[in-house]
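Heads up: the structure comes next, in C-alpha coordinates.
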Amino acid sequence: MTLTKRIIPCLDVANGRVVKGLNFESIKDAGDPVLLAEKYGNEGADELVFLDITASQEQRETIRSLVSKVAQVIDIPFTVGGGVKTLQHARDILLSGADKVAINTGAVKNPQILTELMELFGKQCVVLTIDAKRNYNISKGKNIFSDGSKSFWFEVFIYGGKKETGLDAIDWAKKAQELGAGEILLTSIDKDGTKDGYDLILTKAIVESVNIPVIASGGCGEPKHMLDVFKNTNVDAALAASIFHYETHSVDRVKEFLKENSIDVRL
Amino acid sequence: MKLAIFDYGAGNIFSLKIALEKQGSTVDVITNFDNANSYSGLILPGVGNFDPAIRSIRDYSSMSFQDYVKDKTPVLGICLGMEMFFEKSEEGKEKGLAALEGEVVLLPNKFKIPHMGWNNLRIKKSSPLLEGVQDSSWVYFVHSYRVKTKNFDVIVADSDYGIEVPAVINKGNLYGTQFHPEKSGKVGSLMIKNFLRECKK
(Lines give C-alpha, C1' and ligand atoms only; values in the text may rest on other atoms or scores of the structure.)
Protein backbone atom coordinates (compact mmCIF):
# COMPACT_ATOMS: atom_id res chain seq x y z
CA MET A 1 0.00 0.00 0.00
CA THR A 2 1.05 3.54 -0.35
CA LEU A 3 -0.17 7.04 0.36
CA THR A 4 -3.97 7.31 0.06
CA LYS A 5 -6.01 9.95 -1.70
CA ARG A 6 -7.50 12.38 0.80
CA ILE A 7 -11.16 13.33 0.98
CA ILE A 8 -11.63 16.74 2.54
CA PRO A 9 -14.95 18.28 3.56
CA CYS A 10 -14.92 22.05 3.50
CA LEU A 11 -16.97 24.27 5.75
CA ASP A 12 -17.59 27.83 4.67
CA VAL A 13 -18.00 29.87 7.80
CA ALA A 14 -19.56 33.31 8.10
CA ASN A 15 -19.97 35.04 11.43
CA GLY A 16 -19.01 31.85 13.21
CA ARG A 17 -21.71 29.80 11.47
CA VAL A 18 -21.59 27.36 8.57
CA VAL A 19 -23.27 28.71 5.47
CA LYS A 20 -24.37 27.12 2.17
CA GLY A 21 -27.34 24.80 1.90
CA LEU A 22 -27.36 22.53 4.90
CA ASN A 23 -29.66 19.60 5.33
CA PHE A 24 -28.64 17.53 8.30
CA GLU A 25 -31.46 15.79 10.05
CA SER A 26 -29.18 14.20 12.61
CA ILE A 27 -27.84 17.48 13.89
CA LYS A 28 -30.23 19.95 15.41
CA ASP A 29 -28.01 22.94 15.00
CA ALA A 30 -26.84 22.35 11.46
CA GLY A 31 -24.97 25.60 11.29
CA ASP A 32 -22.65 24.84 14.17
CA PRO A 33 -19.17 24.32 12.72
CA VAL A 34 -17.97 22.45 15.79
CA LEU A 35 -20.72 19.82 15.52
CA LEU A 36 -20.15 19.43 11.81
CA ALA A 37 -16.41 19.07 12.24
CA GLU A 38 -16.96 16.33 14.79
CA LYS A 39 -19.45 14.57 12.52
CA TYR A 40 -17.12 14.65 9.52
CA GLY A 41 -14.25 13.45 11.68
CA ASN A 42 -16.31 10.48 12.86
CA GLU A 43 -17.33 9.66 9.30
CA GLY A 44 -13.71 9.25 8.27
CA ALA A 45 -12.81 12.60 6.71
CA ASP A 46 -9.05 12.67 6.09
CA GLU A 47 -8.75 16.32 6.86
CA LEU A 48 -10.95 19.37 7.37
CA VAL A 49 -10.82 22.79 5.76
CA PHE A 50 -12.48 25.86 7.25
CA LEU A 51 -12.80 28.94 5.12
CA ASP A 52 -13.87 32.12 6.83
CA ILE A 53 -15.82 33.79 4.05
CA THR A 54 -16.53 36.99 5.94
CA ALA A 55 -12.90 37.40 6.84
CA SER A 56 -13.33 40.87 8.22
CA GLN A 57 -11.09 42.35 10.83
CA GLU A 58 -13.82 42.13 13.48
CA GLN A 59 -14.34 38.44 12.88
CA ARG A 60 -10.80 37.48 13.76
CA GLU A 61 -11.50 36.81 17.42
CA THR A 62 -14.57 34.74 16.53
CA ILE A 63 -12.49 32.64 14.18
CA ARG A 64 -9.71 32.13 16.72
CA SER A 65 -12.08 30.86 19.35
CA LEU A 66 -13.85 28.73 16.76
CA VAL A 67 -10.57 27.21 15.61
CA SER A 68 -9.64 26.17 19.12
CA LYS A 69 -13.11 24.70 19.74
CA VAL A 70 -12.92 22.65 16.54
CA ALA A 71 -9.37 21.51 17.33
CA GLN A 72 -10.68 20.09 20.60
CA VAL A 73 -13.23 17.80 18.98
CA ILE A 74 -11.29 16.38 16.03
CA ASP A 75 -8.18 14.25 15.73
CA ILE A 76 -7.43 14.80 12.04
CA PRO A 77 -5.53 17.63 10.32
CA PHE A 78 -7.24 20.95 10.13
CA THR A 79 -6.64 23.81 7.68
CA VAL A 80 -8.01 27.30 8.21
CA GLY A 81 -8.13 30.07 5.64
CA GLY A 82 -10.00 33.09 4.44
CA GLY A 83 -8.73 36.64 4.55
CA VAL A 84 -5.29 35.80 5.91
CA LYS A 85 -3.15 38.81 4.99
CA THR A 86 -0.41 39.11 7.57
CA LEU A 87 2.12 36.92 9.31
CA GLN A 88 0.57 37.80 12.64
CA HIS A 89 -2.87 36.70 11.46
CA ALA A 90 -1.50 33.38 10.19
CA ARG A 91 0.36 32.90 13.45
CA ASP A 92 -2.82 33.57 15.45
CA ILE A 93 -4.65 30.87 13.51
CA LEU A 94 -1.86 28.30 13.91
CA LEU A 95 -1.41 28.98 17.60
CA SER A 96 -5.17 28.67 18.11
CA GLY A 97 -5.02 25.03 17.02
CA ALA A 98 -5.01 24.88 13.21
CA ASP A 99 -2.40 22.64 11.60
CA LYS A 100 -2.18 24.57 8.37
CA VAL A 101 -3.09 28.02 7.21
CA ALA A 102 -4.47 28.68 3.73
CA ILE A 103 -3.59 31.97 2.09
CA ASN A 104 -4.52 33.51 -1.26
CA THR A 105 -4.86 37.29 -1.56
CA GLY A 106 -2.25 37.84 1.17
CA ALA A 107 0.30 35.81 -0.79
CA VAL A 108 -0.44 37.44 -4.16
CA LYS A 109 -0.03 40.89 -2.61
CA ASN A 110 3.06 39.89 -0.64
CA PRO A 111 4.62 36.63 -1.91
CA GLN A 112 7.37 36.87 0.71
CA ILE A 113 4.83 35.93 3.38
CA LEU A 114 5.06 32.33 2.10
CA THR A 115 8.77 32.26 2.88
CA GLU A 116 8.30 33.90 6.26
CA LEU A 117 5.61 31.40 7.22
CA MET A 118 7.73 28.49 6.01
CA GLU A 119 10.72 29.63 8.05
CA LEU A 120 8.63 30.04 11.20
CA PHE A 121 6.38 27.02 11.05
CA GLY A 122 7.72 24.71 8.36
CA LYS A 123 6.32 24.37 4.85
CA GLN A 124 3.82 21.71 5.92
CA CYS A 125 1.81 24.53 7.54
CA VAL A 126 1.69 26.69 4.44
CA VAL A 127 -1.18 26.08 2.03
CA LEU A 128 -1.39 28.34 -1.01
CA THR A 129 -4.97 28.80 -2.19
CA ILE A 130 -5.25 29.44 -5.92
CA ASP A 131 -8.61 30.58 -7.27
CA ALA A 132 -8.23 30.22 -11.04
CA LYS A 133 -10.47 31.11 -13.95
CA ARG A 134 -10.17 30.42 -17.66
CA ASN A 135 -9.24 33.54 -19.60
CA TYR A 136 -10.00 33.27 -23.34
CA ASN A 137 -8.17 36.46 -24.14
CA ILE A 138 -4.88 34.87 -25.20
CA SER A 139 -1.84 36.92 -24.40
CA LYS A 140 1.87 36.38 -24.79
CA GLY A 141 3.82 34.49 -22.14
CA LYS A 142 0.85 32.63 -20.70
CA ASN A 143 0.49 28.85 -20.50
CA ILE A 144 -2.15 28.09 -23.13
CA PHE A 145 -4.62 25.20 -22.90
CA SER A 146 -7.46 24.00 -25.05
CA ASP A 147 -10.69 22.12 -24.42
CA GLY A 148 -10.87 21.07 -28.07
CA SER A 149 -12.70 24.11 -29.39
CA LYS A 150 -11.39 27.11 -27.48
CA SER A 151 -7.99 28.15 -26.20
CA PHE A 152 -7.47 29.80 -22.83
CA TRP A 153 -5.06 30.36 -19.98
CA PHE A 154 -5.74 30.14 -16.26
CA GLU A 155 -5.78 33.46 -14.44
CA VAL A 156 -5.39 33.85 -10.68
CA PHE A 157 -8.17 35.73 -8.92
CA ILE A 158 -8.11 37.28 -5.44
CA TYR A 159 -10.60 38.74 -2.97
CA GLY A 160 -12.82 35.67 -3.04
CA GLY A 161 -12.85 35.40 -6.83
CA LYS A 162 -13.81 39.04 -7.34
CA LYS A 163 -10.63 40.54 -8.68
CA GLU A 164 -8.38 39.40 -11.52
CA THR A 165 -4.62 39.66 -11.16
CA GLY A 166 -3.19 39.00 -14.62
CA LEU A 167 -1.12 36.23 -13.00
CA ASP A 168 -0.84 32.91 -14.79
CA ALA A 169 -1.91 30.17 -12.34
CA ILE A 170 0.75 27.70 -13.53
CA ASP A 171 3.58 30.22 -13.12
CA TRP A 172 2.23 31.34 -9.75
CA ALA A 173 2.02 27.76 -8.46
CA LYS A 174 5.67 27.14 -9.41
CA LYS A 175 6.81 30.37 -7.84
CA ALA A 176 4.84 29.72 -4.65
CA GLN A 177 6.42 26.30 -4.32
CA GLU A 178 9.88 27.89 -4.55
CA LEU A 179 8.94 30.52 -1.99
CA GLY A 180 7.79 28.00 0.60
CA ALA A 181 4.25 26.74 0.00
CA GLY A 182 3.90 23.11 1.13
CA GLU A 183 0.56 22.40 -0.52
CA ILE A 184 -1.83 23.97 -3.03
CA LEU A 185 -5.58 24.24 -2.59
CA LEU A 186 -6.74 24.72 -6.16
CA THR A 187 -10.25 26.02 -6.83
CA SER A 188 -11.74 26.42 -10.28
CA ILE A 189 -13.92 29.53 -10.31
CA ASP A 190 -15.55 28.34 -13.56
CA LYS A 191 -16.62 25.09 -11.94
CA ASP A 192 -17.33 26.24 -8.39
CA GLY A 193 -21.02 25.84 -7.61
CA THR A 194 -21.85 24.15 -10.94
CA LYS A 195 -21.88 20.59 -9.50
CA ASP A 196 -20.72 19.23 -12.85
CA GLY A 197 -17.26 18.09 -11.87
CA TYR A 198 -13.77 19.41 -11.19
CA ASP A 199 -11.81 21.27 -13.86
CA LEU A 200 -9.63 18.37 -14.98
CA ILE A 201 -7.50 20.46 -17.36
CA LEU A 202 -6.66 22.96 -14.62
CA THR A 203 -6.04 20.28 -11.99
CA LYS A 204 -3.79 18.21 -14.24
CA ALA A 205 -1.81 21.26 -15.33
CA ILE A 206 -1.08 22.41 -11.79
CA VAL A 207 -0.31 18.91 -10.48
CA GLU A 208 2.22 18.41 -13.27
CA SER A 209 3.86 21.79 -12.67
CA VAL A 210 4.76 21.32 -9.01
CA ASN A 211 6.24 18.71 -6.70
CA ILE A 212 4.06 19.52 -3.67
CA PRO A 213 0.62 18.01 -2.91
CA VAL A 214 -2.41 19.56 -4.62
CA ILE A 215 -6.05 19.57 -3.45
CA ALA A 216 -8.71 19.81 -6.19
CA SER A 217 -11.70 22.00 -5.42
CA GLY A 218 -14.75 23.44 -7.15
CA GLY A 219 -17.49 21.63 -9.02
CA CYS A 220 -17.95 18.40 -7.08
CA GLY A 221 -21.63 17.44 -7.23
CA GLU A 222 -21.42 13.66 -6.82
CA PRO A 223 -18.91 10.97 -5.81
CA LYS A 224 -18.20 10.17 -9.45
CA HIS A 225 -16.60 13.59 -9.86
CA MET A 226 -14.03 12.65 -7.24
CA LEU A 227 -13.38 9.41 -9.07
CA ASP A 228 -12.92 11.37 -12.32
CA VAL A 229 -10.37 13.75 -10.84
CA PHE A 230 -8.38 10.90 -9.23
CA LYS A 231 -8.48 8.76 -12.41
CA ASN A 232 -7.52 11.58 -14.75
CA THR A 233 -4.96 13.48 -12.72
CA ASN A 234 -2.35 12.69 -10.09
CA VAL A 235 -4.02 15.07 -7.63
CA ASP A 236 -3.58 14.19 -3.93
CA ALA A 237 -6.88 15.21 -2.45
CA ALA A 238 -10.40 16.21 -3.38
CA LEU A 239 -12.29 18.87 -1.49
CA ALA A 240 -16.05 19.29 -1.47
CA ALA A 241 -18.64 21.17 0.50
CA SER A 242 -22.25 20.70 -0.57
CA ILE A 243 -21.93 17.00 -1.56
CA PHE A 244 -21.45 16.09 2.10
CA HIS A 245 -24.46 18.05 3.23
CA TYR A 246 -26.73 15.12 2.46
CA GLU A 247 -26.67 11.82 4.26
CA THR A 248 -26.68 9.93 0.94
CA HIS A 249 -23.16 11.22 0.31
CA SER A 250 -21.61 10.85 3.73
CA VAL A 251 -17.81 10.87 3.79
CA ASP A 252 -17.56 7.14 4.49
CA ARG A 253 -19.92 6.18 1.66
CA VAL A 254 -18.01 8.35 -0.79
CA LYS A 255 -14.79 6.67 0.28
CA GLU A 256 -16.34 3.21 -0.10
CA PHE A 257 -17.42 4.13 -3.62
CA LEU A 258 -13.89 5.27 -4.46
CA LYS A 259 -12.39 2.11 -3.03
CA GLU A 260 -14.76 -0.05 -5.10
CA ASN A 261 -13.36 1.82 -8.08
CA SER A 262 -9.73 1.06 -7.21
CA ILE A 263 -8.79 4.36 -5.63
CA ASP A 264 -6.63 3.98 -2.51
CA VAL A 265 -8.46 5.58 0.38
CA ARG A 266 -8.32 5.22 4.15
CA LEU A 267 -11.30 3.20 5.35
CA MET B 1 0.29 12.22 36.15
CA LYS B 2 2.06 15.22 34.71
CA LEU B 3 3.72 15.43 31.31
CA ALA B 4 5.87 18.10 29.73
CA ILE B 5 5.69 19.28 26.12
CA PHE B 6 8.80 21.14 25.02
CA ASP B 7 7.82 24.27 23.09
CA TYR B 8 10.43 25.39 20.51
CA GLY B 9 8.48 28.62 20.13
CA ALA B 10 6.80 27.96 16.80
CA GLY B 11 3.74 26.09 15.77
CA ASN B 12 0.69 24.33 16.98
CA ILE B 13 1.20 22.30 20.13
CA PHE B 14 -2.40 22.88 21.07
CA SER B 15 -3.80 19.72 19.48
CA LEU B 16 -1.08 17.61 21.07
CA LYS B 17 -1.87 19.10 24.49
CA ILE B 18 -5.58 18.42 23.97
CA ALA B 19 -4.87 14.82 22.89
CA LEU B 20 -2.89 14.19 26.09
CA GLU B 21 -5.46 15.87 28.30
CA LYS B 22 -8.23 13.76 26.75
CA GLN B 23 -6.38 10.71 28.06
CA GLY B 24 -6.42 12.14 31.57
CA SER B 25 -2.93 13.60 31.75
CA THR B 26 -1.95 17.01 33.09
CA VAL B 27 0.34 18.88 30.72
CA ASP B 28 2.91 21.61 31.27
CA VAL B 29 4.46 23.42 28.35
CA ILE B 30 8.17 23.94 29.06
CA THR B 31 10.77 26.01 27.22
CA ASN B 32 13.96 24.80 28.94
CA PHE B 33 15.43 21.97 31.01
CA ASP B 34 16.41 24.18 33.94
CA ASN B 35 14.58 22.45 36.73
CA ALA B 36 15.09 18.92 37.94
CA ASN B 37 12.92 16.58 35.96
CA SER B 38 9.65 16.31 37.85
CA TYR B 39 7.62 14.94 34.94
CA SER B 40 6.46 11.41 34.24
CA GLY B 41 7.13 11.87 30.55
CA LEU B 42 8.45 14.33 27.99
CA ILE B 43 7.22 15.07 24.49
CA LEU B 44 9.20 16.75 21.73
CA PRO B 45 6.50 17.95 19.33
CA GLY B 46 6.58 17.84 15.56
CA VAL B 47 6.21 21.36 14.26
CA GLY B 48 9.10 23.66 13.44
CA ASN B 49 12.50 23.71 11.82
CA PHE B 50 15.54 21.62 12.84
CA ASP B 51 18.09 24.33 13.70
CA PRO B 52 15.83 26.72 15.65
CA ALA B 53 14.34 23.75 17.52
CA ILE B 54 17.77 22.32 18.44
CA ARG B 55 18.96 25.78 19.53
CA SER B 56 15.87 26.33 21.67
CA ILE B 57 16.68 23.11 23.53
CA ARG B 58 20.44 23.65 23.76
CA ASP B 59 20.84 27.38 24.29
CA TYR B 60 18.15 28.11 26.85
CA SER B 61 18.66 25.17 29.19
CA SER B 62 21.21 24.74 31.93
CA MET B 63 20.85 20.95 31.68
CA SER B 64 21.41 18.88 28.57
CA PHE B 65 18.65 16.76 27.05
CA GLN B 66 20.72 13.63 27.76
CA ASP B 67 21.08 14.47 31.45
CA TYR B 68 17.44 15.46 31.71
CA VAL B 69 16.18 12.07 30.52
CA LYS B 70 18.94 9.99 32.15
CA ASP B 71 16.52 8.82 34.80
CA LYS B 72 14.69 6.80 32.14
CA THR B 73 11.81 9.22 31.78
CA PRO B 74 9.89 8.11 28.68
CA VAL B 75 10.34 10.57 25.80
CA LEU B 76 8.13 10.71 22.74
CA GLY B 77 9.55 12.57 19.75
CA ILE B 78 7.00 13.35 17.06
CA CYS B 79 8.16 14.00 13.48
CA LEU B 80 10.81 16.75 13.91
CA GLY B 81 10.96 15.72 17.58
CA MET B 82 12.02 12.23 16.54
CA GLU B 83 14.44 13.54 13.90
CA MET B 84 16.23 15.50 16.63
CA PHE B 85 17.09 12.26 18.47
CA PHE B 86 19.66 11.53 15.75
CA GLU B 87 23.13 12.94 15.07
CA LYS B 88 22.43 15.39 12.27
CA SER B 89 19.87 16.46 9.68
CA GLU B 90 20.02 17.76 6.14
CA GLU B 91 17.42 20.31 7.22
CA GLY B 92 19.98 22.20 9.29
CA LYS B 93 23.58 22.74 10.30
CA GLU B 94 23.25 22.19 14.04
CA LYS B 95 24.21 18.89 15.64
CA GLY B 96 21.29 16.72 16.67
CA LEU B 97 20.67 15.51 20.21
CA ALA B 98 22.64 12.39 19.22
CA ALA B 99 20.72 10.10 21.53
CA LEU B 100 20.49 7.64 18.63
CA GLU B 101 22.94 6.76 15.87
CA GLY B 102 22.07 7.89 12.38
CA GLU B 103 21.15 10.92 10.35
CA VAL B 104 18.12 12.59 8.84
CA VAL B 105 18.02 13.03 5.06
CA LEU B 106 15.71 14.74 2.57
CA LEU B 107 13.22 12.47 0.79
CA PRO B 108 14.24 11.81 -2.84
CA ASN B 109 12.81 14.56 -5.04
CA LYS B 110 11.30 12.10 -7.50
CA PHE B 111 8.49 11.90 -4.93
CA LYS B 112 6.17 14.71 -3.93
CA ILE B 113 7.60 16.53 -0.96
CA PRO B 114 6.29 16.78 1.71
CA HIS B 115 5.03 13.21 2.10
CA MET B 116 1.63 14.38 3.22
CA GLY B 117 -1.39 12.28 4.06
CA TRP B 118 -2.49 8.90 5.37
CA ASN B 119 -0.16 5.99 4.84
CA ASN B 120 -0.08 2.63 6.55
CA LEU B 121 2.32 1.12 9.03
CA ARG B 122 4.28 -2.05 8.44
CA ILE B 123 5.01 -3.27 11.92
CA LYS B 124 8.36 -5.04 12.13
CA LYS B 125 8.64 -5.79 15.82
CA SER B 126 6.77 -5.27 19.05
CA SER B 127 7.04 -2.12 21.10
CA PRO B 128 5.05 -0.86 24.09
CA LEU B 129 4.00 2.10 21.89
CA LEU B 130 2.25 -0.18 19.38
CA GLU B 131 0.45 -2.44 21.81
CA GLY B 132 -2.99 -3.22 20.35
CA VAL B 133 -2.14 -1.42 17.09
CA GLN B 134 -2.92 -3.56 14.04
CA ASP B 135 -0.44 -4.01 11.23
CA SER B 136 -1.36 -1.80 8.23
CA SER B 137 -3.07 0.81 10.41
CA TRP B 138 -3.45 4.24 8.78
CA VAL B 139 -1.55 7.15 10.28
CA TYR B 140 -1.11 10.78 9.17
CA PHE B 141 2.29 11.82 7.86
CA VAL B 142 3.50 15.24 6.93
CA HIS B 143 7.27 15.46 6.56
CA SER B 144 10.06 16.12 4.07
CA TYR B 145 12.88 14.19 5.75
CA ARG B 146 13.45 10.60 6.81
CA VAL B 147 15.71 8.82 9.25
CA LYS B 148 18.67 6.90 7.88
CA THR B 149 20.35 4.62 10.39
CA LYS B 150 22.57 1.56 10.26
CA ASN B 151 21.06 0.46 13.54
CA PHE B 152 17.92 -1.24 12.18
CA ASP B 153 17.10 -2.55 15.66
CA VAL B 154 15.56 0.79 16.62
CA ILE B 155 13.06 0.72 13.73
CA VAL B 156 9.81 -0.75 15.01
CA ALA B 157 7.63 0.07 11.99
CA ASP B 158 8.04 1.64 8.59
CA SER B 159 5.85 2.91 5.80
CA ASP B 160 6.00 2.67 2.01
CA TYR B 161 6.31 5.93 0.09
CA GLY B 162 8.07 4.37 -2.88
CA ILE B 163 10.96 4.38 -0.47
CA GLU B 164 11.00 2.85 3.02
CA VAL B 165 10.22 5.52 5.57
CA PRO B 166 11.07 4.58 9.19
CA ALA B 167 7.78 5.38 10.92
CA VAL B 168 8.16 4.27 14.54
CA ILE B 169 11.40 4.02 16.44
CA ASN B 170 12.04 2.78 19.98
CA LYS B 171 15.14 2.36 22.05
CA GLY B 172 14.76 2.04 25.79
CA ASN B 173 12.88 5.07 27.06
CA LEU B 174 13.06 6.87 23.70
CA TYR B 175 10.04 6.59 21.41
CA GLY B 176 9.63 8.34 18.09
CA THR B 177 7.02 8.58 15.35
CA GLN B 178 7.60 10.14 11.94
CA PHE B 179 3.82 10.62 11.64
CA HIS B 180 1.57 12.63 13.95
CA PRO B 181 -0.31 10.40 16.43
CA GLU B 182 -2.29 13.43 17.63
CA LYS B 183 -3.67 13.77 14.08
CA SER B 184 -4.10 10.07 13.35
CA GLY B 185 -7.60 9.41 14.59
CA LYS B 186 -8.32 6.46 16.88
CA VAL B 187 -5.08 4.62 16.12
CA GLY B 188 -3.12 7.69 17.10
CA SER B 189 -5.04 8.03 20.37
CA LEU B 190 -4.21 4.41 21.16
CA MET B 191 -0.49 5.12 20.73
CA ILE B 192 -0.73 8.17 22.98
CA LYS B 193 -2.52 6.03 25.54
CA ASN B 194 0.26 3.43 25.27
CA PHE B 195 2.90 6.11 25.79
CA LEU B 196 1.09 7.41 28.87
CA ARG B 197 0.98 3.88 30.27
CA GLU B 198 4.78 3.72 29.95
CA CYS B 199 5.00 7.08 31.72
CA LYS B 200 2.99 5.71 34.63
CA LYS B 201 5.40 2.83 35.21
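Each chain gets a letter, A, B and so on, in the order its sequence line appears, and its residues count up from 1. All values below come from the heavy atoms of this structure, side chains included, with hydrogens, waters and symmetry mates left out.
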Checklist entry - Do A/K100 and A/E47 meet the salt-bridge criterion of a basic N to acidic O distance under 4.0 Å? => result yes
Checklist entry - Are B/D158 and B/K124 within salt-bridge range, i.e. N to O under 4.0 Å? => result yes
Item to check | Under 4.5 Å from a heavy atom of chain B, the part of A/Q177 involved | outcome: neither
Item to check | A/S96 portion near chain B, given a 4.5 angstrom heavy-atom threshold | outcome: backbone
Next on the checklist: Closer than 4.0 angstrom, basic N to acidic O: yes or no for B/K70 and B/D67?
Outcome noted: yes
Next on the checklist: Does the plane of the ring in B/F33 sit parallel, tilted or perpendicular to the ring in B/F6? Use 30° and 60° as the thresholds.
Outcome noted: tilted
Next on the checklist: Is B/H180 in contact with chain A via its backbone, its side chain, both, or neither, using a 4.5 Å heavy-atom distance?
Outcome noted: neither
Checklist outcome for this item: Ranking A/G41, A/A98, A/G122 by heavy-atom pairs under 4.5 Å to chain B gives rank one to A/A98
Next on the checklist: Has A/T129 got a side-chain atom pairing as donor or acceptor with A/A102's backbone, closer than 3.5 angstrom?
Outcome noted: no
Item to check | Proximal component of A/R266, with respect to chain B [non-hydrogen, under 4.5 Å] | outcome: both
Next on the checklist: Ring centres under 6.0 Å, that's the criterion: do A/H225 and A/Y198 meet it?
Outcome noted: no
Checklist entry - Picking from A/V210, A/D236, A/I74, A/I93, which has the most non-hydrogen pairs under 4.5 angstrom with chain B? => result A/D236
Checklist entry - At a heavy-atom separation under 4.5 Å, does B/S159 approach chain A through its side chain, its backbone, both, or neither? => result neither
Checklist entry - Side chain, backbone, both or neither: which part of A/A237 has a non-hydrogen atom closer than 4.5 Å to chain B? => result neither
Next on the checklist: Looking only at the aromatic ring of each residue, does the gap between the centers of B/F141 and B/H143 stay below 6.0 angstrom?
Outcome noted: yes
Next on the checklist: With chain A as the partner, which of B/G117, B/S15, B/A19 has the greatest number of non-hydrogen pairs under 4.5 Å?
Outcome noted: B/G117
Item to check | Contact class of B/Y8 relative to chain A, heavy atoms under 4.5 angstrom | outcome: neither
Next on the checklist: Quick check on A/K204: does its NZ atom have over 12 non-hydrogen neighbours (other residues, nucleotides or ligands) under 6.0 Å away?
Outcome noted: no
Checklist entry - What part of A/V207 lies closer than 4.5 angstrom to a heavy atom of chain B: side chain, backbone, both or neither? => result side chain
Checklist entry - Using non-hydrogen atoms only, which part of B/K186 is less than 4.5 Å away from chain A: side chain, backbone, both, or neither? => result backbone
